[in-house]
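Structure, as structure tokens:
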Amino acid sequence: MVKTSPNAARPNAARPKRVLMVAYHFPPLAGGSGILRTLGFARHLPDCGWQPLVLSPAPIAYAQRGDTQLARIDAQTTVRRTLALDAARHLAIAGRYPRCLALPDRWSSWWLSAVPAGLRMIREYRPDAIWSTYPIATAHLIALTLQKCSGLPWIADQRDPMLDDSDPLAPYPPEPRLHRMHAWIEQRIAARSAAIVCTTPGAIAAHQRRLAQVGRERFCLIENGHDDIDDGGAAPPDGPGGQRSRFLLLHSGVIYPSERDPQALFEALARLRHDGVLHARNFQLVLRATGHDAWLAGLLAKYGVQDLVSLEPFQPHGAALQEMLAADGLLLLQAANCNAQIPAKLYEYLRCRRPILALTDLAGDSAAKLCHCGIDTIGQLASSSDCARALLRFLELARQGRAPLASPAAIALQSRQARSKALADLLHQVSHRSPP
């Protein structure tokens, strides 16, 4: 499917600036914050003087698909989809497949179709720059090849870290062959890209430590954000939280076993219920779309808090936002081993202007972002006693309507429109800059 802007059909019209965007995470893929990042850029870049040309996989690549986000692809966005097979689903026999077919990821076959299609798009639309986003690593390999063939400036968007060697006993990725492949790709990014974009200050610092040969001016911070149109104009409930018979605390999104381990929180809930502070009549924690329900169900049974915590299934993004707006409080989980990362949901939490309880590490980027926005309802995720302390303080403030909320000015600074303006400014810079 190709959607072409009117300017492409009028050769006499002033040619807009164009950027070729290589992204695996794009509708109709369902789930994942990466979709919203790429889609947000594609929606708002035209207002900043840049026409997006999106190169993404055909729908067969996605195990989970949905049509709800397709309508949000702007008419000014050209989209070309090419064949990409998932090695685990399409190339496996009896559930097994050669690991060489999954380097640097399970969609490595996408390179074979995307590179020729990308070259045709470059000849047809004459973009001024290339942008690609990780994960998936194959997107960077496609962009690397297109950059080599075209000479166009390339921005590598490192939405998540490709490598993490901060703990020698637990490197990421843990598989040596995949680790070497990711390291090679990162070195190619250092050698060929015009700019490296990270989403947090900690991620920039980590990249600068690994890529000492890259000048500091080539690193750029463009955080994730929220989109003002996502909630359909709905407003948060009036008045303080706790209007229900029981306080509803919501965590919306994936709970990773190592990065967002909630066991200290569950232990705190068990202790508070034993002390008579919490019970099923005055408190409920909803864990929505965790991605690890079976593991969490075992933990709930272990700590005996099944009556206080419910596991709920995935729902479309619009419905998830409405649930956030209706909650009495929103829960953020982020362990210390992710101090250089900020969950994308944090920005949507801010936009919803509901009380936020963050259980994280005070030295991490997530805590710093919340404090910068005036939110101090934060506890240490690694400590059950501090989880209990933070939860009790949070419940008291929220029930009294005194929990801190981000100001409208702070929220505006976190919008996808603002992030797209930052990307447009970077595109202007690299399109006029000499290659590295």
Side-chain angles (χ1 to χ4, degrees), residues 19 21-48 50 52 54-57 59 61-74 76-77 79 81 131-136 139 155 157-160 197-200 203 221-234 250-254 256 288-291 314-325 330 332 334 341-353 366 369 406 411-424:
V19 55
M21 308 181 74
V22 185
Y24 170 88
H25 291 90
F26 200 71
L29 175 62
S33 59
I35 304 167
L36 301 175
R37 183 171 175 86
T38 303
L39 184 59
F41 286 146
R43 286 181 59 83
H44 299 298
L45 278 175
D47 293 333
C48 304
W50 285 83
V54 179
L55 178 59
S56 70
Y62 304 136
Q64 293 181 313
R65 296 191 290 270
D67 296 335
T68 57
Q69 299 286 0
L70 285 172
R72 300 188 58 215
I73 300 176
D74 194 89
Q76 297 186 66
T77 301
V79 182
R81 309 182 191 276
W131 175 92
S132 61
T133 185
Y134 170 87
I136 298 295
I155 296 174
D157 186 59
Q158 297 288 68
R159 186 171 60 86
D160 286 331
V197 170
C198 297
T199 58
T200 68
L221 175 65
I222 302 180
E223 300 179 43
N224 286 307
H226 66 81
D227 201 321
D228 280 335
I229 67 170
D230 279 344
D231 61 13
L250 170 68
H251 181 281
S252 185
V254 177
Y256 300 102
R288 170 71 66 181
T290 72
F314 171 85
Q315 59 184 1
H317 184 244
L321 282 169
Q322 294 299 322
E323 185 177 40
M324 293 180 205
L325 285 163
L330 301 172
L332 188 82
Q334 191 80 329
Q341 300 176 44
I342 298 176
K345 70 170 63 65
L346 182 149
Y347 302 93
E348 292 182 334
Y349 280 7
L350 291 172
R351 172 64 180 88
C352 289
R353 300 202 83 231
S366 294
K369 169 59 66 175
I411 292 171
L413 291 174
Q414 319 301 324
S415 71
R416 296 197 192 278
Q417 292 94 325
R419 306 302 190 226
S420 298
K421 176 62 167 57
L423 178 56

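Computed from heavy atoms alone, side chains included, the values below leave out hydrogens, waters and symmetry copies. Computed from a predicted structure; not experimentally measured.
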Practice problem: With the side chain counted from C-beta on, respond yes when P135 and R159 share a heavy-atom pair under 4.5 Å apart, and no when they do not. | Solution: yes
Quiz item: Looking at CG of D47 and CD of Q417, how far apart are the two atoms once the value is rounded to the nearest 0.5 Å?
Solution: 8.5 Å
Quiz item: Does P28 reach the side chain of Y62, with side-chain heavy atoms less than 4.5 Å apart?
Solution: yes
Exercise. Taking the side chain as every heavy atom from C-beta outward, state whether D227 and L36 have any pair of such atoms under 4.5 Å apart.
Key: no
Quiz prompt | Residue pair S415 / H226, side-chain heavy-atom distance below 4.5 Å | solution = yes
Self-check item: For the student: nearest non-hydrogen atoms of Y24 and A61, plus distance
Solution: OH-O, 3.7 Å
Quiz item: Run the side-chain contact (heavy atoms from CB on, under 4.5 Å) check on I136 and H25 step by step: do they pass?
Solution: CA-CA 8 Å; I136 298 295; H25 291 90; 4.2 Å; yes
Self-check item: Backbone N/O of P59 and side chain of R81: donor-acceptor pair under 3.5 Å
Solution: no
Exercise. Any chance you could measure M21, atom CE, to W50, atom CH2, to the nearest 0.5 Å?
Key: 11.0 Å
Quiz item: Residues two or more places apart in sequence or in another chain: which of them pass side-chain contact (heavy atoms from CB on, under 4.5 Å) with A344?
Solution: S33, N224
Quiz prompt | Atom of I73, atom of P27 and distance for their closest heavy-atom approach | solution = CD1-CB, 4.4 Å
Quiz item: Testing T133, I222, T38 for side-chain contact (heavy atoms from CB on, under 4.5 Å) with D157, which one passes?
Solution: T133
Exercise. Can you see which heavy atom on C48 is nearest to which on A424, and at what distance?
Key: CB-CB, 3.5 Å
Quiz item: Looking at CZ of F26 and CG of L55, how far apart are the two atoms once the value is rounded to the nearest 0.5 Å?
Solution: 11.0 Å
Self-check item: Gap between atom CG of L423 and atom CZ of R416 - 0.5 Å precision
Solution: 13.0 Å
Quiz item: So do the side chains of H251 and T290 get within less than 4.5 Å of each other, counting heavy atoms only?
Solution: no
Self-check item: Between SG on residue C352 and CG on residue L330, distance to nearest 0.5 Å
Solution: 6.5 Å
Practice problem: Report the C-alpha separation of R43 and R72 in whole Å, then their side-chain angles, then the decisive distance to 0.1 Å, and conclude whether the side-chain contact (heavy atoms from CB on, under 4.5 Å) test is met. | Solution: CA-CA 8 Å; R43 286 181 59 83; R72 300 188 58 215; 3.6 Å; yes
Quiz item: Of the non-hydrogen atoms in A406 and L350, which two are nearest, and what is the gap between them?
Solution: CB-CD2, 3.9 Å
Quiz item: Quick check: does any side chain N or O of H317 sit under 3.5 Å from a backbone N or O of T68, one acting as donor and the other as acceptor?
Solution: no
Quiz item: At what distance, to the nearest 0.5 angstrom, does CD of Q158 lie from OG1 of T200?
Solution: 11.5 Å
Self-check item: Student check: side-chain heavy atoms of R353 and I411 closer than 4.5 Å
Solution: yes
Quiz item: Hey, does W131 have a side-chain heavy atom less than 4.5 Å from the side chain of V197?
Solution: no
Practice problem: Please list, chain by chain and in numerical order, all residues satisfying side-chain contact (heavy atoms from CB on, under 4.5 Å) with P343, sequence neighbours excluded. | Solution: R260, L332, Q334, K345, S366
Quiz prompt | Pairing residues for E223 by the salt bridge (charged side-chain N to carboxylate O under 4.0 Å, His left out) criterion, not counting sequence neighbours | solution = K369, R419
Exercise. Might you point out which heavy atoms bring P52 and A42 nearest each other, and give the distance in Å?
Key: CG-O, 3.4 Å
